Every structure is written in C-alpha cells, then in structure tokens.
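Just so it is clear, the model here is predicted, and its values are computed rather than measured.
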Amino acid sequence: MKAKILLITLCMVLINQCALASRLPDDFWNYLKKELPNSTQRFDSLVVLPDGTTYIPLYPAQESEEKNIKVEYTYPEGRSLASKPEVVIFNNSFVLLKLLKDKNGNFSITKNENLPLKVRLGVMPQDMLVPVGLQVPESLKLILGDLVVPQKGDNLITASTDAKIDSVKDEKNHLFPLNELKNKKTLISTDKSKFVLIYNGSTAPAGKNSLYELKLNGLPSKILASNKSKFALVMYFGSKTLEVVDLTNERMVAQINLDDMPKDADLDTVNNIAYVASANASTIYTIDLNSAKLIRAVKLEQSPYKIAVSNDGNSIAFIDRNTQKIYSLKPATDGTDGYVAKYIADGKNLSRILYKNDKIYTISRTENLLSVYNEPDGVLTSEIKLNEKPVDAIFYHDKIYILCAKDSIINVFDTKGGKIVENIMLDNAGFYSKITMIPNQPNALITGIQTKKFLLLNLDKMVISKKQSTNINVSNIVIIDNTAPSKTTEEAL
C-alpha cells in the first residue's frame, strides 16, 4: 500500500513538472494540426479549433515516445478526432478533454466517472487560465494539480448587478440590441466610471442577461481588443500598469508594469501584438496578446505619444510629443534585434496617424488637414483639406473615413484617387469623437462622450443607416466576434 502511495506521489511530481510547460511537444502539436486543420494553441497550451471548440490537454506522468501518434481511446467510444469527442486518449499518453459550456454560461468537462487510468493520472497545464466556476467530477479532481478554480466572487474583474443596469431592458431599451451586434461582444466604458458595460450578443437565450457590467481596477483611458485571441489590453488614467483581460472568461489574466504612464496604443492584427507608446518613458512597449506578456521595450530618443502599426505588422509610425515630428520605426537591418527610428516630416497638432501600404497618413486637428507621406522616401505626396476638427479615422478597403467633429461630418478619402469622394452628414446631437469598425461587416459605429447616441455607418453605401439613442455617454467602445458556446454533453451526443 505504501509503495502504491509512493508511486502515485512520484507520478504527480513528474506530471506537475511536465505540465509547467506552456507548449505541447512539437511532434504532438504537429499531429494535432494535421488532424484538426487551422487549430491554434493558446499561450497555456489549450487547443482551440476554428469553430471555437476548446480542448484542455492533460500532461502524462511520463510521455511515451511514439513515432506514429494516433488515437487510442475516445469517449463516446469509437469516435474520430474530427467528430470532437469529449475525451481523447493518445498512444503517447496525452489526453484531450473538451471544455463544455452550457446555455447558462457554466463551464465543465466530461461527467463520465469511469474513464481509463491515463485520464485520472494526467494533469492540466499548471499555467492554465482556469474558466470561472469550472466543474470537474470528483473522480477527476487530481487532474487539477495545483490549479485553483476561481469563482465569480474571486475575480479581479467582477460582475455587477447594479440597479442602473437592471433598469435597462434588453429588447426595449435605447441601448441594445442592434441587429448588427447580435453575434458580437461589445464593451462600452464611460468617462466617469470603472464599470464597463458588456453586451454579449449571442450567449444568452432571447437576449436574457445579455447586458451586464464588469468592474475594472481603474478608469480606463483606452481599451484594445484582439478579435483573434479574445484578449483585451486596458490602459488606465494616471497608471503605469496595463492589464490584459480575457474576454471569454471576463477576468484579468496579467498585469504589466511600465516605466511610466502610456499615452497611446495600437494593435498589429496580423501577429496579435499590441504596441504601447509612453512619451515620458521615451519607450514603445510590445505586448504579445497570444501569451499576455511584455516581450520587448524599445527605448527611443523621441517621446512617442501617438502610434500606428502598419497593416502588414512590420513597421510602426509615431509622433513625438515634444516636437510633433513624425517618425517611422522598423527593425534594424544589421542583423541585431534593434530598431531604427526614421524622421519623416514635421506635423502640427496631429490627432490621428495611420499606416498602410508604405503610406503614412496624418490628420491635423487644428489645420483640418490630411497629409500623405511615402514612407520609403520620406516624401509628402499630397495634402487634402478636411472639414473642421477631424478627431478620428478608420481604413476600410482603399478608403479612409475621417470623422470631423465640429462640422458633424465624415470625409471619405479615396487613397487610390487621392481625393475626397463623399461627405456623410451626421446629426447635430453633439460632439461625435469616435468611429469603430464592426468586425466582419461593412459597418462602423459612431459615438461621442456627450452625444448619447449610436450612429450606424454603412461603409459600402457611405450612408448613416441607423440612429439609436442611449442613456450613457460613450468613451471607449470595443467590438469583437462572439464565439458560440460549446455544446453540452447531451447536445454533443
């Protein structure tokens, strides 16, 4: 009996050592990619399929060296890996457990209590982001290792049932839903509250409980979200600390301390990397939103405070706060891992900078001017007069939609023709200051801190297609695609 206990203890020690790794073995991961095309491996080694199905790997006490990896067992029995069974055991002793989510948003794994010993002796990745309230059968508790299952009350970002939210009726109110946000997750922050409104457009049946609040650790100055990883980067007013939030489990997963307060950030959507500019620290920080980690700090002679990532993710453009000079930033070509800042031009009171196809576009708020620079040559190619107070802009295909706040108008600039091709009139409800793309749609939302209104802009037709009143002032708005909930055990069968 003592020998058996000693053996189990030794197995657990070995398992925990293996499970501290955050990546699956290369041969096993290559096999999974071949059998489950377009799957991704999360930073904590969870396997995510293209449809959002997620598998938790169990690391074995001792991996079997198998030249030809194959499926050894499934539950339900006799299923192929492509059919996405609840439990999969491989001949190298690794196990995959499907993460299940029911209609009420509760997470669980299989309820089968009679699984092979290889399952019960495996262990979850010990750096795993554990879903809130994850339900694990009693017979499988050992697979948690040292992991603690967080409960809703344990979250650093907590759900709130504040009365002012309860008074908002999902189907009848003036905030949501918009049909265009039906399958999206939308975050809205105001300029006065730590609470962020969440509209979860597809997880709740008939819209029930689809509008709720999350409490952040401060007043957010900017929120960036990645549609790839479902992580968000949060910057706070007066704080040197950034936070990375998992938008699926809705809790903070990492705090990143900078040398000084950040001023701006932009997202490389190709590689899922956030670039954060701190003028006081004269530094641009690189945050990997795949792993939720700070991976680089680029020290500059300048003080970057407005920043834009090129559409290919290979270069950055920024504005020096002290001089208003415009620079590009590229990796050094001398074989080192350094960066080279290249002067492009002088600017004046620039409110926005964009970077696409070797062209840098800057918008002057006081000069009401769009300037276009050819980055490789550092040459100004054109200047276009805009309406008054241009404050924000987005790219859509080959056009730039520029929001001019004072005149309540959007100037549409055709980058190929080099001219304004349309002027889209807004209403006079207030100072519209933000234009936000809706992922995988030809639509954008136009909002403002004092407008208490959403305007839906059809980018293809270049018209305002909807106007909808709201009872809040919008400071930040973030929209990502919503992943459909995993099927329950009963539905899967």
* Asked: Given the rule in the side chain to side chain contact (heavy atoms under 4.5 Å, CB included) test, do K240 and N257 qualify, once you have shown the distances and angles that lead to the verdict?
  -> CA-CA 6 Å; K240 300 178 184 179; N257 296 316; over 6 Å; no

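- Counting only heavy atoms from C-beta outward, the side chains of T436 and I479 approach each other to under 4.5 Å.
- Without hydrogens or angle criteria, N106 side chain to D102 main chain gives no donor-acceptor distance under 3.5 Å.
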* To do: Evaluate salt bridge (charged side-chain N to carboxylate O under 4.0 Å, His left out) for D481 paired with K184, printing each intermediate quantity in order.
  => CA-CA 5 Å; D481 285 323; K184 311 292 180 184; 2.3 Å; yes

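- No donor-acceptor pair closer than 3.5 Å links the side chain of N443 to the backbone N or O of S465.
- Here OG1 of T286 is found 5.5 Å from CD1 of I295. Values are rounded to the nearest 0.5 Å.
- Side-chain contact between N280 and K263 is absent, with no heavy atoms from C-beta onward closer than 4.5 Å.
- Considering only heavy atoms from C-beta on, Y343 comes within 4.5 Å of K325 through its side chain.
- N30 is not listed as a side-chain neighbour of L32, based on a closest heavy-atom distance of 4.5 Å or more.
- The side chain to side chain contact (heavy atoms under 4.5 Å, CB included) search around S189 returns V196, P220, I223, S475, N476, not counting sequence neighbours.
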* Asked: Checking side-chain hydrogen bond (donor to acceptor under 3.5 Å, both in side chains) for the pair Q324/N349: CA distance, chi angles, key distance, verdict?
  -> CA-CA 7 Å; Q324 286 290 298; N349 295 324; 5.7 Å; no

I'd like a table of donor-acceptor pairs (distance under 3.5 Å, sequence neighbours excluded) in which one partner is a side-chain atom from residues 396-405, with atom names and distances.
residue: Y396; atom: OH; partner: D460; partner atom: OD1; Å: 2.9
residue: D398; atom: OD2; partner: K416; partner atom: NZ; Å: 3.4
residue: Y401; atom: OH; partner: L459; partner atom: O; Å: 2.4

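- Here the shortest heavy-atom pairing between P304 and I284 reads CG-CG1, 3.8 Å.
- Every pair passing ring pair (Phe, Tyr, Trp, His ring centres under 6.0 Å) that includes a residue from residues 294-325 is listed here, sequence neighbours excluded: F318-Y327.
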* To do: I would like to know whether L289 and I273 meet side chain to side chain contact (heavy atoms under 4.5 Å, CB included); could you show each step before the answer?
  => CA-CA 6 Å; L289 287 182; I273 303 291; over 6 Å; no

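- Other residues, nucleotides and ligands place no more than 12 heavy atoms under 6.0 Å from the NZ atom of K461.
- Taking CD1 of I477 as the start and CE of M437 as the end, the distance is 13.0 Å to the nearest 0.5 Å.
- Nearest heavy atom pair, residue L426 against residue Y432, reads CD1-CD1, 4.0 Å.
- Among residues two or more places apart in sequence or in another chain, the side chain to side chain contact (heavy atoms under 4.5 Å, CB included) test is passed with K342 by S328, I344, E375.
- Here the CG-CD1 distance, from D427 to I464, works out to 8.5 Å after rounding to the nearest 0.5 Å.
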* To do: Evaluate side chain to side chain contact (heavy atoms under 4.5 Å, CB included) for V276 paired with T283, printing each intermediate quantity in order.
  => CA-CA 8 Å; V276 180; T283 303; over 6 Å; no

* Apply salt bridge (charged side-chain N to carboxylate O under 4.0 Å, His left out) to the pair D288 and R296, showing each step before the final yes or no. => CA-CA 9 Å; D288 188 343; R296 187 179 296 110; over 6 Å; no

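- Between the Y285 side chain and the D259 main chain, a donor and an acceptor come within less than 3.5 Å of each other.
- Under a 4.0 Å N-O distance rule, the pair R352/D392 qualifies as a salt bridge.
- Pairs passing the ring pair (Phe, Tyr, Trp, His ring centres under 6.0 Å) check and including a residue from residues 356-391, sequence neighbours excluded, read Y361-F395.
- Judged by distance alone, the side chain of S239 and the main-chain N or O of Y236 form no donor-acceptor pair under 3.5 Å.
- Between the side chain of D266 and the main chain of V309, a donor-acceptor pair closer than 3.5 Å is present.
- The closest side-chain heavy-atom distance from L386 to L369 is not below 4.5 Å.
- The structure places CG of L99 at 7.5 Å from CG of L46, a figure rounded to the nearest 0.5 Å.
- Remark: side-chain polar atoms of K185 are not paired, donor with acceptor, to backbone N or O of Y199 under 3.5 angstrom.
- When side chains are defined from C-beta on, E180 counts as touching L456, because their heavy atoms get closer than 4.5 Å.
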* Go through the steps for N357 and N311 under the test side-chain hydrogen bond (donor to acceptor under 3.5 Å, both in side chains), then give the verdict. => CA-CA 7 Å; N357 296 339; N311 56 307; 3.1 Å; yes

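- Taking 4.5 Å as the limit, some side-chain heavy atom of V391 sits within range of a side-chain heavy atom of F431.
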* With side chain to side chain contact (heavy atoms under 4.5 Å, CB included) as the test, would you mind laying out the steps for L445 and L455 before giving the verdict? => CA-CA 6 Å; L445 280 185; L455 304 182; over 6 Å; no

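- At distances below 3.5 Å, at least one donor-acceptor pair connects side-chain atoms of D51 with backbone N or O atoms of T53.
- Looking at residues two or more places apart in sequence or on another chain, you find a side chain to side chain contact (heavy atoms under 4.5 Å, CB included) between D407 and N387, E388, I409.
- With contacts defined as side-chain heavy-atom distances shorter than 4.5 Å, the pair L197/E213 qualifies.
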* **Audit row: S303, N322, side-chain hydrogen bond (donor to acceptor under 3.5 Å, both in side chains) steps and yes/no** => CA-CA 7 Å; S303 300; N322 300 330; 3.1 Å; yes

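- Counted within 6.0 Å of NZ on K348, heavy atoms from surrounding residues, nucleotides or ligands total 12 or fewer; the atom is thus considered open.
- Residue K406 qualifies as open at atom NZ: its count of foreign heavy atoms under 6.0 Å is 12 or below.
- The OG1 atom of T447 sits 13.0 Å away from the NZ atom of K453 when rounded to the nearest 0.5 Å.
- Side chain of R365 to main chain of L350: no donor-acceptor pair is present (N/O by atom type, distance under 3.5 Å, no hydrogens or angles).
- Taking every heavy atom of both residues into account, S382 and L380 meet most closely at O-CD1, 3.5 Å.
- In this structure, D268 contributes its side chain and V270 its backbone to a donor-acceptor pair below 3.5 Å.
- For CG of D334, the number of neighbouring non-hydrogen atoms (other residues, nucleotides, ligands) closer than 6.0 Å is greater than 12.
- When all heavy atoms of N290 and N271 are compared, the pair lying nearest together is ND2-O, 3.2 Å.
- Shortest non-hydrogen contact noted between L354 and A308 is CA-CB, 4.0 Å.
- A salt bridge does not link K356 with D312: none of the charged nitrogens is closer than 4.0 Å to a carboxylate oxygen.
- Contact detail for N217 and E243: the closest heavy-atom pair is ND2-OE2, 2.7 Å.
- Distance alone, capped at 3.5 Å, places no donor-acceptor pair between the K222 side chain and the V234 backbone.
- Between the CG atom of L370 and the NZ atom of K385 there is a distance of 11.5 Å, given to the nearest 0.5 Å.
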